[in-house]
Amino acid sequence: MNGKTVMACIDAAHAALVAHTDEIALLDQQIGDGDHIFNLLRGMEALVALRAQIESAAFGPALDLGAMKILSTVGGSSGPLFFSLLNGMAKAAASNTMDVAGFAAIFAAGVDAVGQRGKTGRGSKTMMDVLIPVAQRFAEMAAAGASAAEVRDALPQIAEASMLATRDMLATKGRASFLGERSRGHIDPGARSSQLMIAASCARLGQTL
Ligand code: ADP
Ligand code: MG
């Protein structure tokens with residue numbers, strides 16, 4: 001894991017978001033204000049423009065560069081939340097090993113930081129409904145001694161099932177909560193974007209590691 005790995009994941013996440021732009025725009029039009037994917041794509045394009053710096057940095061500093069860029073380019077609620085994810089991971093990177101157990105702990109620290117920033121856990125129909133189950137499965141697999149390949153296969157599956165489960169939830173956080181019961185029946189856009197980025201990163205890591 002180094003800056004090149006971070007950039008490879010950014011490229012994969014970016015491509016997945018580009019491919020699903022219309023779908024995510026529609027989800028945020030249904031229960032939000034429609035800007036989620038455009039906020040994210042702006043951030044991703046800024047990260048791509050930082051390629052040389054990210055690729056030449058070590059793993060933690062590369063995440064930190066990405067976090068700061070996201071904070072300054074992604075608007076809406078999701079800017080500070082994705083900043084917290086990367087910043088939380090960057091802080092944890094220094095004290096963890098670059099193996100399955102270490103990376104599970106690093107990811108969990110990022111997800112904890114999102115929870116503190118957004119003041120929510122599972123069940124309020126947000127990106128946390130994908131991030132938390134993925135972090136938990138990752139930790140369980142790491143504790144059970146799973147290989148990196150097993151983790152890369154399993155996490156996209158739990159991410160997808162968790163994303164789909166947001167459809168029937170009642171939104172109690174963020175803009176979608178203004179809709180009350182009318183928020184049911186639509187997948188949360190942040191859950192969809194998070195799931196796509198997790199799946200794309202796992203697939204990309206499978207090619208390189
Ligand atoms: P905004 O709602 O301000 O327009 P975005 O459209 O960028 O922000 O992002 C919306 C997404 O942010 C939602 O789909 C949801 O997943 C996520 N979100 C909103 N509020 C929170 C929160 N408090 N904690 C975690 N995620 C949240
Ligand atoms: Mg929005």
Side-chain angles (χ1 to χ4, degrees), residues 10 13-14 16-48 66-91 107-138 155-156 158-201:
I10 291 168
H14 182 210
L17 292 177
V18 167
H20 293 86
T21 298
D22 294 350
E23 180 202 332
I24 299 172
L26 184 62
L27 292 178
D28 198 34
Q29 282 158 21
Q30 287 167 327
I31 60 168
D33 57 357
D35 64 343
H36 180 64
I37 185 66
F38 303 107
N39 288 337
L40 271 183
L41 287 175
R42 191 182 325 112
M44 285 294 172
E45 280 152 23
L47 293 183
V48 168
M68 294 312 295
K69 202 53 168 177
I70 282 179
L71 192 61
S72 63
T73 54
V74 181
S77 311
S78 54
L81 293 166
F82 285 123
F83 160 80
S84 298
L85 181 67
L86 293 190
N87 183 253
M89 289 175 68
K91 285 182 179 158
F107 187 70
V111 175
D112 277 353
V114 181
Q116 281 166 32
R117 171 71 60 145
K119 298 187 175 51
T120 195
R122 280 181 88 162
S124 34
K125 195 180 179 98
T126 71
M127 60 177 75
M128 291 301 273
D129 291 304
V130 167
L131 297 177
I132 291 175
V134 168
Q136 284 177 347
R137 180 64 57 90
F138 203 165
L155 296 189
I158 180 88
E160 183 171 4
S162 304
M163 174 276 291
L164 291 173
T166 66
R167 189 194 301 272
D168 295 327
M169 289 181 182
L170 175 73
T172 55
K173 277 282 177 183
R175 212 177 280 278
S177 65
F178 304 154
L179 292 177
E181 282 296 331
R182 282 184 295 134
S183 65
R184 288 197 208 270
H186 305 283
I187 289 167
D188 175 64
R192 179 63 164 141
S193 61
S194 299
Q195 173 256 325
L196 283 167
M197 290 191 277
I198 288 165
S201 298

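Counting begins at 1 with the first residue of the sequence. These numbers come from a predicted model, not from an experiment. Each ligand, and each atom within it, is numbered from 1 in the order the structure gives.
Ranking the protein heavy atoms by distance from atom 20 (N) of ligand 1 puts Gly174 CA, 3.6 Å first. In this structure, atom 22 (C) of ligand 1 lies nearest to the protein heavy atom Gly118 O, 3.8 Å. At the top of the distance list for atom 8 (O) of ligand 1, counting protein heavy atoms only, stands Ser77 N, 3.0 Å. Atom 6 (O) of ligand 1 has Asp35 OD1, 2.9 Å as its closest protein atom, hydrogens excluded (heavy atom only). Shortest contact from atom 12 (O) of ligand 1 to any protein heavy atom: Met127 CE, 4.0 Å.
Summarising the geometry, atom CG belonging to Leu41 is positioned 4.5 Å from atom OG1 belonging to Thr21; distances are rounded to the nearest 0.5 Å. In this structure, CG in Leu40 is found 9.5 Å from OG1 in Thr73, a value given to the nearest 0.5 Å. Atom CD1 of residue Ile132 and atom CD1 of residue Ile158 lie 12.0 Å apart, to the nearest 0.5 angstrom.
Not one N or O on the side chain of Lys91 forms a donor-acceptor pair closer than 3.5 Å with the backbone of Ala109. Between the side chain of Asp129 and the backbone N or O of Gly123, at least one donor-acceptor pair lies under 3.5 Å. Checked by atom type and distance alone, the side chain of Ser124 never pairs as donor or acceptor with a backbone atom of Thr126 at under 3.5 Å.
When all heavy atoms of Val74 and Arg42 are compared, the pair lying nearest together is CA-NH1, 4.1 Å.
Between His36 and ligand 1, a contact under 3.5 Å exists for at least one N or O pair. The shortest N or O to N or O distance between Asp28 and ligand 1 is below 3.5 Å.
In this structure, Ile24 and Leu196 have side chains that are in contact, with non-hydrogen atoms separated by less than 4.5 Å.
Listed by atom number, the atoms of ligand 1 under 4.0 Å from Arg175 heavy atoms are 1 (P), 2 (O), 3 (O), 4 (O). Numbered from 1 in the order shown, with element, the atoms of ligand 1 that lie under 4.0 Å from a heavy atom of Asp33 read 4 (O). The atoms of ligand 1 that sit less than 4.0 Å from any heavy atom of Leu81 are 18 (N), 21 (C), 25 (C), 26 (N), 27 (C). Interface atoms of ligand 1 facing Ser78, defined by a heavy-atom separation under 4.0 Å, are 5 (P), 7 (O), 8 (O), 9 (O). Applying the 4.0 Å criterion to heavy atoms of Asn39 picks out, from ligand 1, the atoms 7 (O). Residue Asp188 approaches ligand 1 through these ligand atoms, each under 4.0 Å from one of its heavy atoms: 13 (C), 14 (O), 15 (C), 16 (O).
Residue-ligand proximity: Pro189 is placed with a non-hydrogen atom under 4.0 Å from ligand 1.
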Side chain to side chain contact (heavy atoms under 4.5 Å, CB included) between Val111 and Met128, intermediate numbers included: CA-CA 8 Å; Val111 175; Met128 291 301 273; 4.2 Å; yes

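At most 12 heavy atoms of other shown residues, nucleotides or ligands fall within 6.0 angstrom of atom CG in Asp22.
If you count the protein N, O or S atoms nearer to the Mg ion (ligand 2) than 2.8 Å, you get 3.
Only side-chain heavy atoms of Thr120 come within less than 4.0 Å of ligand 1; its backbone N, CA, C and O stay farther off.
Not counting sequence neighbours, the partners of Arg184 by the salt bridge (charged side-chain N to carboxylate O under 4.0 Å, His left out) test are Glu181.
Only one option out of Glu23, Glu160, Met127, His36 pairs with Arg192 in a side-chain contact (heavy atoms from CB on, under 4.5 Å); it is Glu23. Of the residues Lys125, Gln30, Met169, the one that meets the side-chain contact (heavy atoms from CB on, under 4.5 Å) test with Asp188 is Lys125.
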